[in-house]
2 protein chains.
Amino acid sequence: MGQVRNGIDLDTSVGYLLKEASSALRISMEAALRPLGMTITHYSCLELLAQRPGLSNSQLARGAFVTRQSMNVLLQSLERDGLVERVGDEASGRAIPTRLTDRGREQLRTASAAVKTVENRMVEPLAPEDRAALVATLRQCVDALRAPA
Amino acid sequence: MGQVRNGIDLDTSVGYLLKEASSALRISMEAALRPLGMTITHYSCLELLAQRPGLSNSQLARGAFVTRQSMNVLLQSLERDGLVERVGDEASGRAIPTRLTDRGREQLRTASAAVKTVENRMVEPLAPEDRAALVATLRQCVDALRAPA
DNA sequence: GAGCGTATGTCAGAATGCTGACATGGGTCA
DNA sequence: TGACCCATGTCAGCATTCTGACATACGCTC
């Protein structure tokens, strides 16, 4: 190992660790979903629709942390592939409720299993109380960041 | 508020919360750095060089969670603007050590202050022991995700 | 010394996501 | 009712990042 040390002292920064963890999770999820021909946003969209049927394009975008323009492009391809359907019958403003088709539900099943495997590997070494504390603490961080000032 | 409920039940998923927190942090940091004309990767590069002078392009890329091609483009612009200098004098393989210039250090000062404000706002509501536990737990998650299998 | 594997720097093309813009629908308030 | 504001869906252009590829440099093994 005749190369320069690669470790960084930023390991004590919550912000850096957050980005590091998020990056590691993204890489693992991409690796798990690639064999299925799906991206993370693709999977996230299906998962959101399974838990909250009828979400609109903009709501899905917020839930998947992308712009509504990006989600719109994705939804068009998902609809073309018969994974979701958008029924504009209801009077919910301009928003068009979106729902999973049977084919979408089936594709989600395999993807959800792959993603659960990754998440389990991540939280497996954690004690139950540590895991609960992590969830509570992260929520506090999110709320603090989104506070007005 | 005559609109559909936007909350998602995924709040109990560590993976989703991790992405949510990372996204919120990214948005806050972008907002803090935009007035300074800097991006997050731009700032990260300078911060890494301040803590570890002489890091190479590839090492900086790993530290900032981007590809070495992307970091290469950034380094060229930073060098053009006189914020960093790359001296290939040492015999460290093909790697070219990079160092901050005085101008780079000065720009980093203001940026670092802005970023610290954001991070402080994030961890402010946390008890000291919760904050320490968060760091330790996140590190466990990262290590678990990067484990071979 | 030769061969092999790995890491690095760099260039070019492709893919992805974002910003800007516009029209539509709905609610609020004077 | 009309003016205003906000959210939504959607189109087009732009920016940024990534993927693929190649040459170079070092270490290890035979």
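Order of the sequence lines sets the chain letters (A, B, ...), proteins ahead of strands, with each chain counted from 1. The structure presented is a predicted model; accordingly, all values stated were derived computationally and were not measured.
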Roughly how far, to the nearest 0.5 Å, is the OG atom of Ser23(B) from the CZ atom of Arg62(A)?
12.5 Å

NA contact type, [X], heavy-atom cut-off 4.0 Å: base, sugar-phosphate, or nothing?
X: Glu30(A); answer: nothing
X: Ser56(B); answer: sugar-phosphate
X: Val73(A); answer: nothing

Closest approach of Leu49(A) to Thr98(A) (non-hydrogen atoms, all atoms of both residues):
CD2-O, 3.4 Å

Leu75(A) CG to dC11(D) C1', in whole Å, measures 16 Å

Minimum-distance nucleotide to [X] side chain [options: [options]]:
X: Asn72(A); options: dC18(D), dA21(C), dC11(D); result: dC11(D)
X: Ser58(B); options: dG9(D), dG9(C), dC18(D); result: dG9(C)
X: Thr67(A); options: dT10(D), dT19(C), dG9(C); result: dT19(C)
X: Ala95(B); options: dC18(D), dT8(C), dT10(D); result: dT8(C)
X: Ile96(B); options: dG9(C), dG9(D), dC18(C); result: dG9(C)
X: Gln69(A); options: dA21(C), dG9(D), dC18(D); result: dA21(C)
X: Arg94(B); options: dG17(C), dT24(D), dT8(D); result: dT24(D)

In terms of the nearest nucleotide of DNA chain C, which residue is placed more toward the 5' end: Thr41(A) or Arg68(A)?
Thr41(A)

When Gln76(B) and Thr39(A) are each assigned the nearest nucleotide of DNA chain C, the 5'-most assignment goes to Gln76(B)

Side-chain N or O of Ser70(A) less than 4.0 angstrom from OP1 or OP2 on dC18(C)?
yes

